[in-house]
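Reading through the C-alpha cells given below for one structure.
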There are 2 protein chains.
Amino acid sequence: MTKPTMDDVARRAGVSRALVSLALRDSPKVSDASRVAVRAAADELGYRPNLIARHLASKQTRTFGLVINDLHNPYFPGVADGVRRAADAAGYRMLIQSAFLDDVVERSALDTFIDFRVDGIILTGARLPAAAIEAAARSVPIVVVSRPMRSVNVDTLNNDDRLGAELATGHLVELGHRHICHIDGGDGAGAAQRRAGYEATMRRHGLEPWVVSGAFTEASGVAAAERALGSGRPLTAIFAGNDVSALGALDVIEESGRSVPHDISLVGYDNTFVAALRHVSLTTVEQGRERLGELAVETLINRIEGGRTKAIHHVIPPTLVVRHTTAPPP
Amino acid sequence: MTKPTMDDVARRAGVSRALVSLALRDSPKVSDASRVAVRAAADELGYRPNLIARHLASKQTRTFGLVINDLHNPYFPGVADGVRRAADAAGYRMLIQSAFLDDVVERSALDTFIDFRVDGIILTGARLPAAAIEAAARSVPIVVVSRPMRSVNVDTLNNDDRLGAELATGHLVELGHRHICHIDGGDGAGAAQRRAGYEATMRRHGLEPWVVSGAFTEASGVAAAERALGSGRPLTAIFAGNDVSALGALDVIEESGRSVPHDISLVGYDNTFVAALRHVSLTTVEQGRERLGELAVETLINRIEGGRTKAIHHVIPPTLVVRHTTAPPP
DNA sequence: CTGAAAGCGCTAACAT
DNA sequence: ATGTTAGCGCTTTCAG
C-alpha cells in the first residue's frame with residue numbers, strides 16, 4: 001500500500017531523482033534513452049506522482065475549484081460542463097464542492113479550496129456576502145458566476161438577469177395577461193435583478209407588480225404558489241424566479257384543479273433539462289450557462305497567466321424560450 | 001498576494017513554529033496564554049494553514065473524493081447529500097469530480113484523486129472496468145456505490161437492482177400488463193441486474209421479455225422508445241432503466257399521441273425529484289440513495305481507521321413507489 | 001544532459 | 001509547556 005516515490009523510480013532507472021522529474025514532465029533537456037528508461041521504470045513500479053508534493057514545490061496546482069451553490073438544482077451542472085471543457089483544454093483540473101444551499105457550508109467550501117491552494121476558484125450561484133468574497137479574492141483569483149456583484153477585484157460573469165425577467169414578463173403581458181405574480185428568489189443569486197426587471201416591466205405597462213417571496217428551490221415554489229393562489233387575488237400568470245421553483249408552483253396549480261396554461265400561464269428561468277421535457281414544456285429563460293462556465297475559465301486564466309489585475313464584469317444576454325406553459329389568459 | 005506562513009505567525013506571537021502548529025490544532029499540551037497569543041497573531045495576519053504542506057507532512061488529507069458518473073443525472077446529488085452529511089460528522093472534507101458520462105474522464109478523475117492522496121474514494125455509478133478499480137484500490141481505499149461488482153478488495157454498496165426490477169415488473173404484471181418492454185441501461189452501472197430482474201419476472205409469469213437497449217440518459221430513452229413504439233409490436237407498458245430514460249420515453253409516448261398511463265404505463269428507477277413532480281408523477285423505484293452515501297463513508301472510515309482489509313458488500317432493499325404513470329392496460 | 005543540494009510549509013518525534 | 005530537528009516527495013537552481 002505504500003506507494004513508490006520518485007526516488008524508487010530513479011534508483012530503478014539508474015538515474016538521479018531530478019532527472020526523473022524532468023523526464024516525466026517531458027522536458028526537452030532529457031535524452032531519449034533516459035526518458036525511455038525512466039518511463040519504463042515508472043510503469044513497472046506503478047508510480048504515480050504525488051501532486052501534494054509537486055504542488056508544494058512548484059507553488060501551483062493547475063487545479064480550479066468550482067463551488068456549486070446547490071447540486072440539486074439542474075442549472076449548475078450546465079455551468080460545470082462549460083468549466084470542465086475549458087479547463088480541460090487549458091490543462092487544468094477541476095474539483096467541485098457543493099454548498100448544499102447552506103451559507104456556512106459554502107463558506108467552508110471556499111476556505112477548503114483556498115487551503116488547498118487551488119490556482120483559481122469559480123463561485124457559482126454563491127450567496128456569500130460580497131465582502132467575504134472580496135476578502136477571499138485577496139489570496140486567490142476568484143470569478144463569481146451567476147451572481148451579480150460590483151467589485152474592483154473580483155471578476156463576475158452573468159447573464160443579464162434584469163433583461164431576462166423583462167423578456168419573461170413582457171412575453172406574458174403581450175399575451176394579454178394583467179394579473180401576473182412573481183415568485184422571487186429571495187436572497188438567492190440574481191434574484192434581486194430578476195425582481196427588478198419584473199417590476200419595471202409591469203410598471204411600464206401600467207400594471208401593478210405582485211411579488212411573493214420565495215427561494216430558488218422547488219419547496220419554496222410550492223409554498224409561494226399556495227400563498228398566491230390562496231390570496232383570492234385575481235391571477236392569470238406566474239413568473240417564477242427559476243425553473244425548479246416554477247415546477248413547485250406547477251404542482252400546486254394543478255393540485256388546485258387549475259390547468260396550465262389554460263387557467264394560469266407559467267414562466268421559469270434557467271432552461272434546465274426539466275423545462276425542456278415535453279411533458280413539462282416550461283416557457284423559460286436561457287442564460288447560456290455553458291458559455292458562462294467557459295468564460296469563467298478564460299477569465300481566471302487570463303488573470304493567472306496574463307497577470308491582469310483589474311476586475312472584469314461580463315454580462316451576456318439571455319434569451320426567452322417559449323414553450324407550452326404560456327398562453328393568452330382565459 | 002503572498003500568504004503568511006506558520007513561521008510568520010510564530011514570529012509574531014513570539015513562539016516556535018511547532019507550538020503554532022499545536023495551538024492551531026487545539027492540542028491540549030499548549031498553555032492558554034500561548035493559545036490565545038497564537039490565535040491572535042494568526043488572525044491579525046489572516047493566516048490560513050497550507051493544507052498541501054500539512055498533508056505532505058502528516059500523510060493524510062482527511063478528505064474523501066467522490067466521483068459522480070453524471071452530474072446531470074438527478075440521482076447522484078442524493079448520494080452526495082448522504083456522503084457529505086456523514087463525512088462532515090466524521091470530520092472529513094468531500095471533493096467531487098464528475099465523469100461527465102465519459103470513461104476516459106472517469107478514469108482521470110479517479111487518478112486525480114489518487115494523485116492528490118485523498119484518504120478514500122467513493123465511486124458512484126462508475127462504468128470503469130472492475131480490473132481498473134481493483135488496481136486503483138491497491139493504493140487507496142475505494143468504495144463503489146450503485147455499481148454491483150464482486151471483489152475481494154474493494155467494498156461495494158448497492159440497492160438490490162434485481163429485486164427493484166422485479167418489483168417494477170411485477171407491479172406491471174399485477175396490473176394486467178402482458179406486453180411490457182424494458183428499455184435497459186446498456187452497460188451502465190446496475191443495468192445488467194435490472195435487466196435480469198425484469199427478464200426473470202416476465203418468464204416467471206409466462207411472458208416474453210422484450211428488451212430494447214438504451215443507456216441511463218434522457219436521449220437514450222427517447223431513441224429506445226421510438227424504436228419500441230415504431231416496431232409495431234403490441235405494447236402496453238414500459239419499464240425504463242432509470243428515471244431520466246423514462247422521461248425521454250414519456251416524451252416520445254406523448255408525442256406519438258398516446259397517453260400515459262391510459263394507453264401505456266411507464267415505470268422508472270431511482271425516484272429522483274423529477275419523478276416526484278406531481279406533473280410527472282412517475283412510478284419508480286427508490287434505492288435509498290442518501291443512505292447509500294452515508295454507508296459509503298462509514299465503510300471507508302472503518303477501513304481506514306479500523307484497519308479492516310476484507311471487502312464488504314452491502315446490499316440494501318429498494319422499494320417501489322407507485323404514482324400515476326401506471327394503470328391497468330386499456 | 002545529468003547530479004547535488006536547497007528548499008516548499010508543515011508535522012512529529014525528541015529534547016529541554 | 002515549549003523549542004529543535006528531521007523529514008514528507010517533489011521541483012528548481014546551480015554545477016559539472
Side-chain angles (χ1 to χ4, degrees), chain A residues 1-39 41-42 45-63 93 112 114-119 139-140, chain B residues 1-39 41-42 45-63 111-112 114-119 139-140:
Chain A
M1 198 90 166
T2 174
K3 301 196 181 64
T5 74
M6 202 170 252
D7 264 324
D8 298 324
V9 177
R11 212 167 304 126
R12 178 158 195 137
V15 299
S16 78
R17 180 154 46 88
L19 191 52
V20 173
S21 172
L22 293 172
L24 255 25
R25 282 175 300 149
D26 282 320
S27 161
K29 33 189 177 179
V30 171
S31 68
D32 284 351
S34 300
R35 188 192 318 283
V36 169
V38 168
R39 281 219 190 295
L45 258 31
Y47 171 77
R48 301 253 13 156
N50 182 331
L51 290 189
I52 294 281
R54 167 178 295 178
H55 296 160
L56 184 60
S58 69
K59 316 292 286 168
Q60 52 159 2
T61 52
R62 285 204 82 81
T63 301
R93 276 178 224 91
T112 292
I114 292 177
D115 297 349
F116 260 111
R117 300 295 192 268
V118 296
D119 292 346
S139 61
V140 59
Chain B
M1 200 89 165
T2 174
K3 299 196 184 63
T5 74
M6 202 171 254
D7 266 325
D8 298 324
V9 177
R11 213 168 302 126
R12 177 156 195 139
V15 298
S16 78
R17 181 154 46 85
L19 191 54
V20 172
S21 172
L22 293 173
L24 256 24
R25 281 176 299 149
D26 282 320
S27 161
K29 35 188 179 183
V30 171
S31 70
D32 284 353
S34 300
R35 188 191 319 283
V36 170
V38 169
R39 282 220 189 296
L45 258 31
Y47 170 77
R48 302 257 8 160
N50 183 331
L51 291 189
I52 295 282
R54 167 177 296 178
H55 297 160
L56 185 59
S58 70
K59 317 292 285 168
Q60 53 158 3
T61 52
R62 286 205 81 82
T63 301
D111 286 342
T112 292
I114 291 178
D115 296 350
F116 261 111
R117 301 296 192 264
V118 296
D119 292 346
S139 62
V140 59

N/O donor-acceptor pair under 3.5 Å between [X] side chain and [Y] backbone:
| X | Y | value |
| --- | --- | --- |
| Arg117(A) | Thr61(A) | no |
| Lys3(B) | Ser139(A) | yes |
| Ser31(B) | Ser34(B) | yes |

If I take atom [atom1] from residue [X] and atom [atom2] from residue [Y], how far apart are they, to the nearest 0.5 angstrom?
| X | Y | atom1 | atom2 | value |
| --- | --- | --- | --- | --- |
| Leu19(B) | Lys29(B) | CG | NZ | 11.0 Å |
| Ile52(B) | Gln60(A) | CD1 | CD | 11.5 Å |
| Leu56(A) | Arg54(B) | CG | CZ | 13.5 Å |
| Asn50(B) | His55(A) | CG | NE2 | 11.5 Å |
| Leu51(B) | Ile114(A) | CG | CD1 | 11.0 Å |

Once you round it to whole Å, what is the distance between C1' of dG3(C) and CG of Leu22(A)?
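So the CG-C1' distance, Leu22(A) to dG3(C), works out to 11 Å.
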Measure from NZ on Lys29(B) to P on dT11(C) and round the result to the nearest Å.
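So the NZ-P distance, Lys29(B) to dT11(C), works out to 13 Å.
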Quick one: which protein N/O atoms are closer than 3.5 Å to N/O atoms of nucleotides 7-10 of chain C? Pair and distance per line, please.
from    : atom 1 : to       : atom 2 : distance (Å)
dC8(C)  : O3'    : Lys59(A) : NZ     : 3.1
dC8(C)  : O2     : Leu56(A) : O      : 3.4
dC8(C)  : O2     : Ala57(A) : N      : 3.3
dG9(C)  : OP1    : Lys59(A) : NZ     : 2.9
dG9(C)  : N2     : Ala53(B) : O      : 3.4
dC10(C) : OP1    : Tyr47(B) : OH     : 2.4
dC10(C) : OP1    : Asn50(B) : N      : 3.3
dC10(C) : OP2    : Met6(B)  : N      : 2.4
dC10(C) : N4     : Arg17(B) : NH1    : 2.7
dC10(C) : N4     : Arg17(B) : NH2    : 3.4

For the helix from dC1(C)-dG16(D) to dT16(C)-dA1(D), what angle lies between the axis at the first five pairs and the axis at the last five pairs, to 10 degrees?
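The end axes of the helix from dC1(C)-dG16(D) to dT16(C)-dA1(D) are about 40° apart, to the nearest 10°.
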Arg39(A) with Asp26(A): basic N within carboxylate O range, under 4.0 Å:
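A salt bridge is present here (some side-chain N lies under 4.0 Å from a carboxylate O).
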Quick check on dC1(C): is either OP1 or OP2 less than 4.0 Å from any side-chain nitrogen or oxygen of Ser34(A)?
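So the side-chain polar atoms of Ser34(A) never come under 4.0 Å of the phosphate oxygens OP1 or OP2 of dC1(C).
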Can you pull the contact range of chain B along DNA chain D, 5' to 3', using atoms under 4.0 angstrom from its heavy atoms?
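Using the under 4.0 Å cut-off, the span is dA1(D) to dG9(D).
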Donor-acceptor side-chain pairing of Ser21(B) and Arg17(B) below 3.5 angstrom:
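Judged by distance alone, the side chains do not pair up.
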